[in-house]
Number of protein chains: 2
Amino acid sequence: MHSTINEDLRAAGHRLTRTRRAVLDVLERTKYPLSASELYQRLQRNKVSIDLVTVYRTLTVLRDIGLVAQIELHQEGQARFEIQHGREHHHHIRCQTCGKIADLLLCPLKKITAFIEKETKFIVNEHTLEFSGLCPKCQ
Amino acid sequence: MHSTINEDLRAAGHRLTRTRRAVLDVLERTKYPLSASELYQRLQRNKVSIDLVTVYRTLTVLRDIGLVAQIELHQEGQARFEIQHGREHHHHIRCQTCGKIADLLLCPLKKITAFIEKETKFIVNEHTLEFSGLCPKCQ
DNA sequence: TCTCTAATTGCAAGTCTATTGCAATTACCA
DNA sequence: TGGTAATTGCAATAGACTTGCAATTAGAGA
């Protein structure tokens, strides 16, 4: 598992350091996308001393080579990150009251993307699709 | 047209001031969503002297009563605002190279929302759907 | 029209997320 | 083992957005 991650990093001229492993470990153990500062706090709790700046830089590298996905939820004011490597493309829903984030294991946008490309003459490379509402507990 | 806007404001305990009219005017004349600072610059160009803080506060009020929509595009790092009043619900596509933003006059999410509500037991109140890619000129 | 109150605004300062410069450290290939 | 490039921490900075507060303004009622 980590061997592929290592290869992906090296292919982009990067190294799989202790720091990066620690960041990936936290992300792999968390079932929802984390912000940089949440990630930093969890590292501290695990007695892993990594500067917040390094967390940001690590997330940027991991995102740029596609191991990690950057997610922006409506009006949250901060980016979140989750492991992408080995996971299906998916989206999220967030509770407007308690902030709980759940995965949506679907993406209904393939046909729509083709339609948009025809209509707008854009080439579509990415899309963002996030829902918000009230989770069962907060209703 | 402005009469309804006025009523909406008053219903929420607000006033339609010269300042708010100026902000709405700029938004109405612009065919794509503006950030607070872009809006501020346009006001200055029009010799309308409104503090940037007031622009932020105005946009918050207009958004909260539903006259204006707040849009967040992937990795832009700033919110954008556009007139919602009298317009169809729609989404956007943004060029990753030149930043051009185009409207997509469609929303494919009604059925999907019903499905998500059934699957997750969330009540869905909002969704964000934005695309990015390359516009015809930048391909 | 005048007055009074609450909403609005500008200015200064502050908060929070994220980035950059630079020197010290570390990884790893030859 | 040495040399070089990547990585990291620390300090400073940038940028979006918010808050406190005093001054101004709108407009409802007298």
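Every chain is numbered from 1 and lettered A, B, ... according to where its sequence line falls, protein lines coming before strand lines. Every value quoted in this text rests on a predicted model; they were computed, and no experiment measured them.
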At under 4.0 Å, does any side-chain N or O of Arg10(A) touch on OP1 or OP2 of dC28(C)? yes
Closest-nucleotide 5' rank along DNA chain D - winner of Thr54(A) and Thr60(B): Thr54(A)
For Thr54(A) and Ile50(A), indicate whether the former's side chain and the latter's backbone hold a donor-acceptor pair under 3.5 Å. no
What is the separation between atom CG on Asp51(B) and atom C1' on dA13(C), rounded to the nearest whole Å? 13 Å
What's the closest nucleotide to the Ala79(A) side chain, out of dT19(C), dA18(C), dT8(D)? dA18(C)
Closer than 3.5 angstrom, by distance alone: can the side chain of Glu82(A) be matched with the main-chain N or O of Tyr32(A) as a donor-acceptor pair? no
Over all strands shown, is Thr19(B) touching base, sugar-phosphate only, or nothing at heavy-atom distances under 4.0 angstrom? sugar-phosphate
Tell me whether the OP1 or OP2 atom of dA27(C) has a side-chain N or O from Thr17(A) closer than 4.0 Å. no
Do the side-chain N or O atoms of Tyr56(A) get closer than 4.0 angstrom to the phosphate oxygens (OP1, OP2) of dA18(C)? yes
Around atom CZ of Arg45(A), are there more than 12 heavy atoms from other residues, nucleotides or ligands closer than 6.0 Å? yes
Whole Å only: how far is the CZ atom of Arg21(A) from the P atom of dA27(C)? 11 Å
Euclidean distance, atom CG of residue Leu9(B) to atom C1' of dA6(C) [Å, nearest integer]: 16 Å
Just checking Leu52(B): base, sugar-phosphate only, or nothing, at a heavy-atom cut-off of under 4.0 Å? nothing
dT9(C), OP1 or OP2 - any side-chain N/O from Arg20(B) closer than 4.0 Å? yes
Candidates dG27(D), dT8(D), dT7(D) - which lies nearest the side chain of Arg15(B): dG27(D)
To the nearest Å, give me how far apart CG (Leu59(A)) and P (dA18(C)) are. 10 Å
Between His127(A) and His89(A), what is the ring plane arrangement, given parallel below 30°, perpendicular above 60°, and tilted in between? perpendicular
Apply ring-ring contact (aromatic ring centres under 6.0 Å, His included) to His90(B) and list each qualifying residue two or more places apart in sequence or on a separate chain. His92(B)
Once you round it to whole Å, what is the distance between C1' of dA6(D) and CG of Leu62(A)? 14 Å
Whole-Å distance, Arg18(A) CZ to dC28(C) C1', equals 15 Å
Between P of dT8(D) and NE2 of His14(A), the distance in whole Å: 11 Å
I need the CG-P distance between Leu24(A) and dT7(D), as an integer number of Å. 13 Å
Need to verify one output field. Residue with the more 5' nearest nucleotide on DNA chain D, Ser49(A) or Arg57(B)? Ser49(A)
